[in-house]
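Since the structure comes first, as structure tokens, the remarks are kept for the end.
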2 protein chains.
Amino acid sequence: MQAQLIALDWGTSSLRAYKLGPAGVVLEQRSLALGIMHLPSEPRNIAGVDCTDGFELAFDTACGDWLDAQPSLPVIACGMVGSAQGWSEAAYRSTPVDVASLGQALHCVRSLRAVDVHIVPGVIEQVGLPNVMRGEETQVLGVLQGLGAQVLIGLPGSHSKWVEVVEGRITHFDTFMTGELFAILSKHSILGRTQQPCEQFQAEAFDRGVHVALSKDGQRGVLSTLFSARTLGLTTELAPKQQPDYLSGLLIGHELAGLPDNAKHKPIILVGAAPLCARYQRALALCGFAHVSLAQEATERGLWQLAVAAGLIQPVTEA
Amino acid sequence: MQAQLIALDWGTSSLRAYKLGPAGVVLEQRSLALGIMHLPSEPRNIAGVDCTDGFELAFDTACGDWLDAQPSLPVIACGMVGSAQGWSEAAYRSTPVDVASLGQALHCVRSLRAVDVHIVPGVIEQVGLPNVMRGEETQVLGVLQGLGAQVLIGLPGSHSKWVEVVEGRITHFDTFMTGELFAILSKHSILGRTQQPCEQFQAEAFDRGVHVALSKDGQRGVLSTLFSARTLGLTTELAPKQQPDYLSGLLIGHELAGLPDNAKHKPIILVGAAPLCARYQRALALCGFAHVSLAQEATERGLWQLAVAAGLIQPVTEA
């Protein structure tokens with residue numbers, strides 16, 4: 001099947017490349033550890049030029065052979081590649097923003113191969129504390145089809161986003177540093193010292209963490225409840241193998257307790273890695289959120305739709 | 001002046017040794033980086049024995065010469081030295097606990113020099129989430145003299161404690177991992193990447209952090225507001241040099257927002273390093289806490305009083 005589009009999900013630590021066929025079907029995909037903070041540095045010849053630019057090198061590694069085979073394939077990219085530290089800065093669009101309209105705001109950078117890379121701009125909210133996203137706006141678009149007028153989209157990760165969408169427009173979003181905090185607490189804090197990794201999910205410990213976050217103790221905030229991951233170990237109420245999942249539940253519980261009050265009545269869509277979404281789905285149920293579903297392939301779909309909106313490709317008309 | 005007591009404040013990362021004279025006056029003091037997680041390992045001869053035990057080695061380094069000069073000096077110690085990872089475990093006493101009575105519960109370990117080291121037990125609270133302290137109970141005793149019946153004692157640090165004392169008894173306490181979180185966020189998280197250290201205290205940025213913690217945005221919790229230390233940098237509202245003190249104010253603000261509702265009406269005493277206490281005093285004022293004062297020499301005084309209560313020394317009677 002002939003490819004129609006190269007779609008790149010290019011974040012801080014990883015670069016995912018998709019070769020998409022008619023109607024956006026995924027023909028091939030690659031996952032590379034070539035995020036914008038982990039670019040290659042070994043010089044290489046690209047299109048007859050001795051190249052030392054990390055972005056060019058990573059781009060060539062990700063999809064050079066696809067472009068060799070079909071040099072006129074259009075390329076679209078989302079994520080931190082469009083940040084100030086990225087390949088070329090794609091200025092933020094302010095909320096409220098119609099996500100489909102981002103297709104008219106793609107930012108172009110021309111690669112050494114003379115191929116234009118179309119970068120999706122991120123979104124900024126400047127009401128109250130500023131908040132930013134890059135990449136998530138594309139995932140939001142990718143899951144919107146077929147949903148109701150009002151929806152809350154959760155994108156768990158290092159920096160979890162919760163995005164309120166009203167009739168296709170991002171009206172508000174929040175960021176929680178839950179995933180990064182879990183990682184650095186486990187690796188660098190006193191809590192990590194008594195933790196023992198465990199392959200099997202410790203459901204009881206996870207649920208306990210969520211419940212503590214929701215409890216009266218939890219109202220003192222996460223700075224206070226965190227210490228219980230240590231003290232429950234000291235009192236032998238939590239085995240070392242249970243401590244990581246207790247901490248995970250505790251942090252996710254605090255994140256969910258921080259969602260807006262009206263969130264419980266909205267349909268919620270979760271987008272992200274399946275094991276992490278499963279944790280959030282479990283915690284959401286414990287917190288009394290009723291309407292939760294999971295989305296698949298949000299990034300590929302979003303990039304495809306933006307490429308169509310930008311006129312980079314023609315949507316397939318059925319024969 | 002003849003020494004009366006050797007008092008050790010022996011924590012996780014440091015060991016402070018005090019030689020105390022009549023009425024507890026400090027004759028000499030030493031600060032060593034020989035906390036229980038940083039013990040010496042080089043073997044040495046102590047009292048005719050080739051010694052490899054880290055606790056013995058650290059003890060000898062801290063006050064071996066004092067004991068050489070006065071072999072019968074009594075020794076008292078508080079802090080993590082009495083934990084399960086310490087020299088010898090001094091079992092916790094449960095709240096509510098009369099802090100002066102801890103003098104009757106000292107735990108003894110005999111050193112190679114045949115000197116008894118009297119270790120102050122820590123305190124555990126087992127109502128709701130368990131909470132523990134080791135060392136702070138001694139500081140609490142050290143500041144109680146002359147205070148009213150009800151007081152709230154704040155001990156800022158890696159793991160800040162807030163201790164409610166009613167008529168000399170610790171009735172309740174909370175722990176906040178504020179200091180450790182500040183350290184690991186600055187060193188290991190994305191927030192550290194845009195921070196620039198600054199010798200001068202950035203008062204405006206600190207105050208802003210406190211205010212954000214107290215604001216409507218702050219109600220979503222620290223997992224959410226943390227990200228503003230980055231986004232306010234992106235929007236150039238916070239210079240790189242302001243970001244560390246903004247983060248400090250933000251975390252301290254969240255800690256204070258987690259104190260019990262009735263805390264505002266109690267006299268508050270702060271115990272700890274002067275620069276850190278100054279930050280807390282400033283933040284407390286911004287949060288509307290009216291009666292705040294600072295205590296000095298809490299540990300030395302507490303250890304002295306416990307040694308007197310234990311009969312290790314005789315309180316001086318005026319001639």
Side-chain angles (χ1 to χ4, degrees), chain A residues 12 37 83-85 92 124-126 128-132 158-162 174-181 183-185 187-193 212-213 215-235 237 251-252 254-260, chain B residues 12 37 83-85 92 124-126 128-132 158-162 174-185 187-193 212-213 215-235 237 251-252 254-255 257-260:
Chain A
T12 301
M37 291 297 174
S83 70
Q85 294 78 40
Y92 290 114
I124 189 166
E125 178 164 349
Q126 291 190 284
L129 285 179
N131 234 315
V132 292
S158 288
H159 301 165
S160 294
K161 306 281 182 195
W162 286 90
D174 291 314
T175 305
F176 295 82
M177 288 183 59
T178 312
E180 183 168 12
L181 208 65
I184 63 174
L185 283 167
K187 200 164 173 189
H188 302 290
S189 86
I190 195 172
L191 303 184
R193 284 196 216 148
V212 165
S215 72
K216 197 163 166 292
D217 285 318
Q219 289 170 19
R220 285 195 301 274
V222 71
L223 292 173
S224 166
T225 57
L226 273 182
F227 198 60
S228 67
R230 174 169 170 78
T231 58
L232 288 170
L234 286 173
T235 57
E237 290 172 76
L251 291 173
I252 292 173
H254 276 289
E255 176 181 329
L256 299 183
L259 292 183
Chain B
T12 302
M37 291 297 176
S83 69
Q85 295 78 41
Y92 290 114
I124 188 166
E125 178 164 350
Q126 292 189 283
L129 285 179
N131 234 316
V132 293
S158 288
H159 301 165
S160 295
K161 306 280 182 197
W162 285 90
D174 292 313
T175 305
F176 295 82
M177 288 182 60
T178 312
E180 183 169 13
L181 208 64
F182 176 78
I184 62 173
L185 283 168
K187 200 164 172 189
H188 301 290
S189 86
I190 195 172
L191 303 183
R193 283 197 216 147
V212 165
S215 72
K216 198 164 166 291
D217 285 318
Q219 288 170 19
R220 285 196 300 275
V222 71
L223 291 173
S224 166
T225 57
L226 273 183
F227 198 60
S228 67
R230 174 170 171 77
T231 57
L232 288 169
L234 287 174
T235 57
E237 290 173 77
L251 291 173
I252 292 174
H254 276 289
E255 176 180 330
L259 292 182

| task | Examine A:Phe176 together with A:His159 and report whether their ring centres are nearer than 6.0 Å. | result |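 No, the ring centres sit 6.0 Å or more apart.
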
Side chain, backbone, both or neither: which part of [X] has a heavy atom under 4.5 Å from chain B?
| X | result |
| --- | --- |
| A:Leu191 | side chain |
| A:Glu255 | both |
| A:Ser189 | both |

Decide yes or no on side-chain contact (heavy atoms from CB on, under 4.5 Å) for A:Leu185 and B:Leu181, but give the supporting numbers first.
CA-CA 8 Å; A:Leu185 283 167; B:Leu181 208 64; 3.7 Å; yes

Q.
Testing the basics here: between A:Leu223 and A:Leu226, what is the closest heavy-atom pair and its distance to 0.1 Å?
A.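 So the two residues come closest at O-CB, 4.2 Å.
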
**Q.** Nearest heavy atoms of A:Gly218 and A:His254, plus distance in Å
**A.**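 Here A:Gly218 and A:His254 meet closest at O-CE1, 3.4 Å.
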
- Step by step, work out the side chain to side chain donor-acceptor pair (under 3.5 Å) result for B:Thr231 and A:Asn131. CA-CA 6 Å; B:Thr231 57; A:Asn131 234 315; 5.8 Å; no

Go through [options] and name the one with the most non-hydrogen pairs under 4.5 angstrom from chain B.
| options | answer |
| --- | --- |
| A:Gly128, A:Ser228, A:Ser83, A:Pro260 | A:Ser228 |
| A:Ile190, A:Leu259, A:Leu251, A:Thr225 | A:Ile190 |
| A:Gly258, A:Ala84, A:Pro130 | A:Pro130 |

Quick one, A:Trp162 with A:Leu256, criterion side-chain contact (heavy atoms from CB on, under 4.5 Å). Give me CA distance, side-chain angles, the key distance, then yes/no.
CA-CA 10 Å; A:Trp162 286 90; A:Leu256 299 183; 3.6 Å; yes

Please classify the contact of [X] with chain A as side chain, backbone, both or neither, using a heavy-atom distance under 4.5 Å.
| X | result |
| --- | --- |
| B:Asp217 | side chain |
| B:Thr178 | both |
| B:Ile184 | both |

Legend entry - Lys/Arg-Asp/Glu bridge criterion (N-O < 4.0 Å) met for A:Asp174, B:Arg220: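 Result for this pair is yes, salt bridge flagged.
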
